[in-house]
Amino acid sequence: MTSSPPPGLRPDAELAQVIAHANRSDNEKIEYIRAKEAFIIDMDGVIYHGNTLLPGVKEFVQRMKDTKKKFLFLTNNSAPTPRELQQKLARLGIHVDESHFYTSAICTAKFLSTQKPGGSVYAIGEPGLHYALYSHGFDMNEVNPDFVVVGEGSGLNYEKMARAVKLISAGAKLIGTNPDVNAVSEHCLVPACGAFVSAIELASGKKAFFCGKPTSLMMRYAQRILGCSRDAVCMVGDRLDTDVLGGIYAEIDTVLVLSGVSKREDLANVAYAPYVVVDGVGSLVPPSSASVMAASES
């Protein structure tokens, strides 16, 4: 007489499938990723550095279009609107519809609308954050808001930080659009949302709730937009602590590209790993496709 496995344990067949999936060679993993139905793609450090398009990006995007893949550019940067991101890529020679962009500002606004529809916020950030909050029915309030929302931007100063601390002490909830403490510019790392929120946390004695990567919240929203099961989607990013970790939390296969923040040696410092590591998104384009596109441009 055989007994069923204890609750919570995988059946043998499913466990064998998981092991086989993890034990593929790197080339087999890349082929598996290429066959995915949908791609969630980070932007900074993956698609561009500042105003410089990274190698292989044109071929990668064209390949997704040619093979009718679903794709969503996902950024923790709360400053730009989807239209601004679309226009930036257009200036760099990449033409995609505005609907292919999703920011941590939109994710934050969507989350807050599930917590207190029609509420009010004191927002510290750029137009992309304010636009997302207005679009989801929130009013701006510097006196007694429901939430203090912090994003990226160069406009943070002592006065705004002091007001945020005062409002939080009076009962407003502290929300961070994302936990990134730094971001990649063209030549160096610059402070980002997580660094600003940390200062407010220390001064107020209250902890923030973050909405962007690596929370599974943002990944689930993105997956829902794409309309695919998690097995059909992969996450392509340059940061172990946000892109890869977020994919792992959401049980989505992850691709770490080495064109941005995280380097191969950083893998030794974390207790998790991406599904596969590649130099850049150009590695996800089959050689034959890349050759055809290069020939058409010459």
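Just the heavy atoms: all of them, side chains too, but no hydrogens, waters or symmetry mates, feed the values below.
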Does a side-chain N-to-carboxylate-O contact under 4.0 Å join [X] and [Y]?
X: Lys36; Y: Asp231; result: no
X: Lys70; Y: Glu37; result: yes
X: Asp44; Y: Arg239; result: no
X: Asp146; Y: Lys173; result: no

Same cluster for [X] and [Y] if Ile/Leu/Val/Met/Phe/Trp/Tyr side chains link at under 4.5 Å?
X: Leu226; Y: Val61; result: no
X: Val57; Y: Ile41; result: yes
X: Phe39; Y: Val46; result: yes
X: Met64; Y: Val285; result: yes

Under 3.5 Å, is there a donor on one side chain and an acceptor on the other for [X] and [Y]?
X: Asp66; Y: Gln62; value: yes
X: Ser99; Y: Asp97; value: yes
X: Asn178; Y: Glu152; value: yes

What's the separation between atom CZ in Phe73 and atom CD1 in Ile47, rounded to the nearest 0.5 Å?
4.5 Å
Residues in side chain to side chain donor-acceptor pair (under 3.5 Å) contact with Ser154, at least two apart in sequence or another chain
none
Answer yes or no: is there a donor N or O on one side and an acceptor on the other, between the side chain of [X] and the main chain of [Y], under 3.5 Å?
X: Ser104; Y: Asn76; answer: yes
X: Asn23; Y: Ala20; answer: no
X: Glu31; Y: Glu28; answer: no
X: Thr103; Y: Ile106; answer: yes
X: His130; Y: Ile124; answer: no
X: Tyr48; Y: Leu89; answer: no
X: His100; Y: Val96; answer: no
X: Lys263; Y: Gly260; answer: yes
X: Ser216; Y: Tyr249; answer: no
X: Arg220; Y: Ala250; answer: yes

Could you label the plane-to-plane angle of the Phe147 and Phe138 rings as parallel, tilted or perpendicular, counting under 30° as parallel and over 60° as perpendicular?
perpendicular
Would you call the rings of His21 and Tyr32 parallel, tilted or perpendicular, taking 30° and 60° as the class edges?
perpendicular
Minimum side-chain heavy-atom gap Lys213-Leu74 below 4.5 Å:
yes
For Val197, the option from Val181, Thr177, Val150 that meets side-chain contact (heavy atoms from CB on, under 4.5 Å):
Val150
For residues 160-171, pull every pair meeting side-chain hydrogen bond (donor to acceptor under 3.5 Å, both in side chains), keeping only residues two or more places apart or in separate chains.
none
So, for Phe111 and Phe209, is the gap between ring centers shorter than 6.0 Å?
yes
